[in-house]
Asks: 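Supplied in structure tokens, the structure appears directly below.
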Amino acid sequence: MSLDVDAIAEISHGLSSKPQIQARVDLFKTWGIPSGSKILEIGCGQGDCTLAMAYLVGEKGHVTGVDPAPLDYGAPMTLGQAQEKLKQSTIGNRITFHQSDLEGFLSSSSSEPLYDYAVFARCTWYLPSAEALTPMLVALRGRARHLRIAEYSTDIQGDIAALPHLLAAISQAEYNSRDDNLDRDDNIQSIISPQKIREIALNAGWEFEREDVIKSPEDQEDAKWEVSRVLSQAYRDRSRSSGGVSRQDYADALINAVEESKRALGPSPGPKLRTLPTWLGSWV
């Protein structure tokens, strides 16, 4: 772990684990966002990435986080509680939070200066579909000089330990793609591939610069969280509660595939579950 990670962990007072902080520092540094930048973060959630970016942009930088989720959403700490805790931190003056969807925020803040960067940090899979991303990227044209999007890659890059995470993500996306069946408690509502993101950004008028893929820190917990959710009895029961027989059979097959891929890693001290690599796209 780097000195940056240790410093951010101290500021966060346990809101984020060191692997989660490291994952966000890796995004920021791979993108090469300079100190002093003014950043608009879309889908900021509890502020894990917001805090890391606020630390790394320095005293002359600022991060504005926007998220439409209710402030009482989340556990064991709600969004509102986590965001308020970050605001009270030693770098809280570098952070502003807004509970709003992006289009509503931009329309209500038309006098705001141009942001240096608009950032989506592993939040596009929270969207109900790829179509929901299009108006957001259109609305950001003329409001940010640069666009940065990070999302989990659908390519496990030969790492079998990441396969259970990918299958668990596909399982949640399958359930939430059923008619009138969206469950906002799922972390994953849809899967938008890097190829689709590039296509949407191009159609929204953004000029593609580059892409990168980075490995997730070894102990990053996302794989464990998503796999545990999908393998719970409550999740299996829910998957069988709606849709036709063919959809239910497909859902069962995905759950079984998650279980079998996890079992294939063998008992401890065999390979740990590994969080998927992250794909990063850059546009101007």
Side-chain angles (χ1 to χ4, degrees), residues 1-67 74 77 79 81-97 115-124 144-153 157 159 162 165 209-225 272-283:
M1 295 294 175
S2 69
L3 293 176
D4 286 335
V5 171
D6 290 335
I8 295 167
E10 185 175 351
I11 295 169
S12 76
H13 296 294
L15 283 176
S16 295
S17 69
K18 286 191 176 183
Q20 291 291 338
I21 295 170
Q22 181 69 66
R24 286 149 177 82
V25 170
D26 290 346
L27 297 183
F28 189 96
K29 292 190 172 181
T30 301
W31 278 329
I33 296 176
S35 177
S37 295
K38 305 299 187 291
I39 298 173
L40 175 62
E41 183 193 2
I42 298 94
C44 62
Q46 292 184 319
D48 294 328
C49 192
T50 317
L51 177 64
M53 290 192 295
Y55 175 85
L56 293 164
V57 295
E59 293 181 0
K60 295 183 179 180
H62 195 86
V63 183
T64 300
V66 179
D67 198 298
M77 187 174 290
L79 263 69
Q81 290 169 335
Q83 291 178 4
E84 183 58 30
K85 193 169 184 179
L86 295 184
K87 286 291 295 177
Q88 298 302 318
S89 73
T90 55
I91 60 171
N93 62 323
R94 305 179 196 175
I95 298 171
T96 305
F97 289 113
Y115 294 96
D116 296 310
Y117 294 86
V119 170
F120 293 75
R122 299 193 191 96
C123 65
T124 66
R145 296 183 177 89
H146 304 270
L147 172 65
R148 299 289 185 263
I149 300 179
E151 193 49 86
Y152 289 119
S153 174
Q157 298 191 318
D159 187 354
H165 186 194
E209 280 190 312
R210 59 177 285 182
E211 61 185 345
D212 300 276
V213 177
I214 58 175
K215 285 189 174 182
S216 298
E218 184 175 341
D219 293 322
Q220 190 178 342
E221 302 94 337
D222 297 67
K224 179 179 68 176
W225 294 335
K272 296 180 181 178
L273 280 173
R274 187 71 181 256
T275 295
L276 285 164
T278 295
W279 172 85
L280 300 91
S282 301
W283 295 261

Asks: Write down the atom of Ala54, the atom of Ile95, and the distance for their closest heavy-atom approach.
Replies: CB-CG1, 3.6 Å
Asks: Is there a side-chain contact (heavy atoms from CB on, under 4.5 Å) between Leu27 and Ile214? Walk through the geometry before answering.
Replies: CA-CA 8 Å; Leu27 297 183; Ile214 58 175; 3.9 Å; yes
Asks: Would you call Lys215-Asp159 a salt bridge at under 4.0 Å N-O?
Replies: no
Asks: Going by heavy atoms in the side chains, are Leu51 and Leu15 under 4.5 Å from each other?
Replies: no
Asks: For a ring pair (Phe, Tyr, Trp, His ring centres under 6.0 Å) with His146, tell me which candidate from Trp31, Tyr117, Trp283 qualifies.
Replies: Tyr117
Asks: Where do Arg274 and Glu218 come nearest, in terms of heavy atoms and distance?
Replies: NE-CA, 3.8 Å
Asks: First locate atom NZ of Lys85, then atom OG of Ser12, and finally report the distance between them rounded to the nearest 0.5 Å.
Replies: 8.0 Å
Asks: Find the distance between CG (Asp6) and CD1 (Ile21) and round it off to the nearest 0.5 Å.
Replies: 9.0 Å
Asks: Would you say CD of Glu209 has more than 12 non-hydrogen atoms from neighbouring residues, nucleotides or ligands within 6.0 angstrom?
Replies: yes
Asks: Kindly determine whether Thr275 and Tyr152 satisfy side-chain contact (heavy atoms from CB on, under 4.5 Å), including the steps that lead there.
Replies: CA-CA 9 Å; Thr275 295; Tyr152 289 119; 3.5 Å; yes
Asks: Kindly indicate, with the supporting measurements, whether the criterion side-chain hydrogen bond (donor to acceptor under 3.5 Å, both in side chains) is fulfilled by Glu59 and Asn93.
Replies: CA-CA 9 Å; Glu59 293 181 0; Asn93 62 323; over 6 Å; no
Asks: Which distance, rounded to the nearest 0.5 Å, do you find between the CZ of Arg24 and the CD of Gln20?
Replies: 4.5 Å
Asks: Testing the basics here: between Phe28 and Ile33, what is the closest heavy-atom pair and its distance to 0.1 Å?
Replies: CE2-O, 3.2 Å
Asks: Are Phe97 and Lys87 close enough, and set up right, to give a side-chain contact (heavy atoms from CB on, under 4.5 Å), and what steps lead you there?
Replies: CA-CA 9 Å; Phe97 289 113; Lys87 286 291 295 177; 4.0 Å; yes
Asks: Asp116 and salt bridge (charged side-chain N to carboxylate O under 4.0 Å, His left out): which single residue from Lys38, Lys60, Arg145 fits?
Replies: Arg145
Asks: Under 3.5 Å, sequence neighbours excluded: what are the donor-acceptor pairs made by side chains of residues 39-50?
Replies:
residue : atom : partner : partner atom : Å
Glu41   : OE1  : Thr50   : N            : 3.4
Glu41   : OE1  : Thr50   : OG1          : 2.5
Gln46   : NE2  : Met77   : O            : 2.4
Asp48   : OD1  : Ser16   : OG           : 2.6

Asks: How long is the span from the OH atom in Tyr115 to the OG1 atom in Thr64, to the nearest 0.5 Å?
Replies: 4.0 Å
Asks: Enter the distance from Leu276:CG to Gln157:CD here, rounded to the nearest 0.5 Å.
Replies: 10.0 Å
Asks: Between Gln220 and Asp222, is any side-chain donor less than 3.5 angstrom from a side-chain acceptor?
Replies: yes
Asks: Over all heavy atoms of both residues, which pair between Ser17 and Glu221 is shortest? Give the atoms and the distance, please.
Replies: OG-OE2, 2.8 Å
Asks: Ignoring hydrogens, what is the shortest heavy-atom contact between Ser89 and Leu86? Give both atom names and the distance.
Replies: OG-O, 2.7 Å
Asks: Can you tell me how far the CG atom of Asp212 sits from the OG atom of Ser153, to the nearest 0.5 Å?
Replies: 12.0 Å
Asks: What heavy-atom pair brings Pro217 and Pro19 nearest, and what distance separates the two atoms?
Replies: CG-O, 3.5 Å
Asks: When you check the gap from the basic side-chain N to the acidic O, do Asp219 and Lys272 get nearer than 4.0 Å?
Replies: yes
